[in-house]
Engineer: 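This structure is in structure tokens; I'll ask about it shortly.
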Amino acid sequence: MNSLNSSQRKIIETINGPILVLAGAGSGKTRVITHRIVHMIQNIGISPSNILALTFTKKAAKEMKNRISDMMMNQTDFDQITLGTFHSIFSNILREESHWLGFKSNYTIYDHKDSENVIKQILQDLNLDRSLNYKEIKRKISEYKNNLYGLFYKKKLINHKVEESITKIYKFYTKRCFQANALDFDDILLHTNYLFFYFPNVLKKYQKKFKYILIDEYQDTNLSQNTVIKNLVSQHKNLFVVGDDAQSIYGFRGAHLSNILNFHLDYKNAKIFRLEQNYRSTNYIVQASNNIISFNKNQILKKIWTNNEEGEKIKIYCASSEEEEAQYIACSILSIKRKTNLQFENFAILYRAKIQSHIIEYSLKKKNIPYHIYGSISFENRKEIRDFLAYLRVIVNPNDEESLLRILKKRNQKTVKNILSLSKEKGITVYNIIQNIENYKSLLRINNKTKNKFISLIFTIEKLRINAEQDNAYVIAKNVINFLTKKNYYNYKNEDFQSILDYVFQYVKKQKELKNHGDTSLFGFLRCFYLEIDEDINHHKENKVSLMTIHLSKGLEFSIVFIAGLEENLFPSKSSLSTSFKIEEERRLFYVALTRAQKKVVLTYAKHRFIWGKKKENTPSRFIHEMNRNFIDIENHHKHILEKKKIHSLNHFHHVNDNKNYENSKYLKMKKGIKVFHKNFGLGIIVELQNQNQIALIKFQQSGEKRIFLKLDKLVICS
DNA sequence: CGCGACTATCTTTTT
DNA sequence: GATAGTCGCG
């Protein structure tokens, strides 16, 4: 407690009622939430089992768990705290309460690919496959679910023609998932909403249990999550949320700023605290990131400040290509490391899109720099792992059609197709048809050889299933791997599965160590696999440079941070350019990236980059232009790094910002009151010029007030 | 009936 | 450049 400042302490000691903490980056947000939990248990005497603590990412949940367990070393009942991601916690509750909603507790969790496959099939069945794109539909359905359309907002479902067909697909999709006894990620929250909405007695039970609810990164909640919480706290009103509107970066998942902006309306008498002192970064970094976020119109005004040293200016480097950019980063790491006493683990390389990691990885490898790419293993994308999981899933839930089809497709495709249509026609599950394949032999027009293939398969699965009732997940996993490596149908080797088998082993071991009721079942493992396992855990403390997307970096800090690929179309991403709302989210993402750094930030961009096998020329990101010049340091000589390429990498940025050029340009003609035309927003009038006339605040007839960067957005003067 | 070559589309970001 | 889906050949 002594390590906290007075405002932090005050927040921790206010226990009851709704509380919102607006916490800037690096202000000790996680410390506050973890200390508060410990204080509640150790000093106030609140029972750990009455506490519910929620996060959004697995990493954040893990981090919080570790910190609390460190602080409560000798306290034995700390694992009674319900702590985890929204999805993980509520999937557990749904397992307990599934009977109310009419599905079975052994449900399967459908991941993205599963959902997409279901949608593809529906499109085929409905003969719609040409007009609509399955990814778009997936996104829409997700949007519907996250916004609870249909539960509270029935009207919204009938809008345009497109929406109508999507609604239709949505219904089929729901039906299929129900028949397969499967939930997708969004369903976990949606069904919890159904549960609490239609079964008040169940809601009451959990209201009674969770007397104190804490939520980290509250700005990332979507309506579905927020509604679950609203219901849970409606009795005791002890809700403690921490968030920073400037770090809201999950809009694509339905997160909406309004949840944090309207907190005081949703919860009357809410106490609002602010944490504005940054303990993490140098003054230059704090100032520069404040400056960047000020370009957003939608924000709560905050004054983030620091007592830390001034530090170094933010470095900007223009590379000729993505290769050279990567080389520059690798060389910089080595040279900074030589000059300081920093270790590799103090460095992070952040990027907008996962795809950028390849080339950086390559250059680090060449220089023998140890690194770890977070979020890269992605088990669920590996073919053999998906095959393996398909068996596990069918063993737990034979109605899991996606998995069953995956297994069957290795065999006779045509027969599988026939089985599928027969299943639809008769309303019998695929699994049941195969179980009784003898009866359908003539309908399916198959010979004895084919028939026997299917029979032997189902026999194997059934054998595994019967054992599954007593065996733990590890035993079953080993059996499945034995089967897969026996070469009957697959060419897999044992070592293909070593890593996943390790995870199963770890899982079972950990469950056995738990005092009360560890869940060593196969279902438990699968649930954990999809909702809890963080594949990067093991790499956390090794001395390696961290590579990750900015999204993954949230909540972390590093001495030195490189942010790569600051180019228009990449960061901000191409698909965000169309609306100012999306651009603002990109800018918040950039803000998150900047504020990860303690000592130093290096921004890099490349003039050329290969995209889809084609060389493309990119202009520097608008975010680079937005950087206040007092805080930046432009490196335009490559000095010790590349001898040859000097000529090619003339600094583009320097060019654009050359003062003389700038004064001669037509942009100077931009004045207050001038009528202009913008290709996206139409006609407007300049209200104000900002940042040395680089930015115009324009009131558009159609789309309202917007900030336009004069060098990037082409404006035509109309008056 | 299964496999290999060809082409269309794709990339944000996470649970 | 990578992957999924389609088509044609053996």
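All values below come from the heavy atoms of this structure, side chains included, with hydrogens, waters and symmetry mates left out. Treat the numbers as computed from the prediction; the structure is a model and nothing was measured. Below, chain A is the first sequence line, B the second, and so on; all start at residue 1.
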Engineer: Please determine which of A/Arg67, A/Lys65, A/Lys59 meets the salt bridge (Lys or Arg N to Asp or Glu O under 4.0 Å) test together with A/Glu63.
Structural biologist: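 Per the salt bridge (Lys or Arg N to Asp or Glu O under 4.0 Å) rule, the option paired with A/Glu63 is A/Arg67, out of A/Arg67, A/Lys65, A/Lys59.
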Engineer: Could you check whether A/Phe86 gets within reach of a base, just the sugar-phosphate, or nothing at all, counting any heavy atom under 4.0 Å?
Structural biologist: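 Answer is nothing: A/Phe86 stays at 4.0 Å or more from every strand.
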Engineer: Rounded to the nearest 0.5 Å, how far does CZ of A/Arg588 lie from CG of A/Asp245?
Structural biologist: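 It is 8.0 Å, given to the nearest 0.5 Å.
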Engineer: Can you tell me how far P of C/dG5 sits from CG of A/Leu123, to the nearest Å?
Structural biologist: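 For the pair A/Leu123 CG and C/dG5 P, the rounded distance is 12 Å.
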Engineer: Please give, in whole Å, the distance from B/dT15 P to A/Lys138 NZ?
Structural biologist: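 Computing the A/Lys138:NZ to B/dT15:P distance gives 14 Å.
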Engineer: Keeping to residues at least two apart or across chains, list the side-chain hydrogen bond (donor to acceptor under 3.5 Å, both in side chains) pairs with something in residues 356-365 of chain A.
Structural biologist: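 Residue pairs passing side-chain hydrogen bond (donor to acceptor under 3.5 Å, both in side chains), neighbours aside: A/Glu361-A/Tyr371.
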Engineer: Between atom CZ in A/Phe610 and atom P in C/dA2, what is the gap in whole Å?
Structural biologist: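 It is 13 Å, rounded to the nearest whole Å.
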Engineer: Using atom CG of A/Asp111 as one end and atom P of B/dT14 as the other, report the distance to the nearest whole Å.
Structural biologist: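 It works out to 14 Å between those atoms.
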Engineer: Can you check the A/Lys113 NZ to B/dT15 P distance for me, whole Å?
Structural biologist: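 Rounded to the whole Å, the gap is 16 Å.
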Engineer: Atom CG of A/Leu531 and atom C1' of B/dT15: how far apart are they, to the nearest Å?
Structural biologist: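 One finds 7 Å between C1' of B/dT15 and CG of A/Leu531, rounded.
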Engineer: To the nearest Å, how far apart are A/Arg527 CZ and B/dT15 P?
Structural biologist: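 Rounded to whole Å, this separation is 14 Å.
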Engineer: Under 3.5 Å, is there a donor-acceptor pair linking the side chains of A/Thr604 and A/Glu325?
Structural biologist: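 Yes, side-chain donor-acceptor contact under 3.5 Å.
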Engineer: What is the separation between atom NE2 on A/His112 and atom P on B/dT14, rounded to the nearest whole Å?
Structural biologist: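 So the NE2-P distance, A/His112 to B/dT14, works out to 9 Å.
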Engineer: Expressed in whole Å, how much space separates the P atoms belonging to B/dT13 and C/dA4?
Structural biologist: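 These two P atoms come out 16 Å apart once rounded.
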Engineer: Could I get the full list of ring-ring contact (aromatic ring centres under 6.0 Å, His included) partners for A/Tyr218, not counting sequence neighbours?
Structural biologist: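 A/Tyr218 satisfies ring-ring contact (aromatic ring centres under 6.0 Å, His included) with A/Phe263 only.
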Engineer: Taking protein heavy atoms under 4.0 Å as touching, what does nucleotides 6-13 of chain B look like 5' to 3' if B marks base contact, S marks sugar-phosphate-only contact and - marks none?
Structural biologist: ----BBBB
Engineer: Given the side-chain rings of A/Phe295 and A/His625, with only the six-membered ring counted for Trp, is the space between their centroids under 6.0 Å?
Structural biologist: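 No - the distance between ring centres of A/Phe295 and A/His625 does not fall below the 6.0 Å cut-off.
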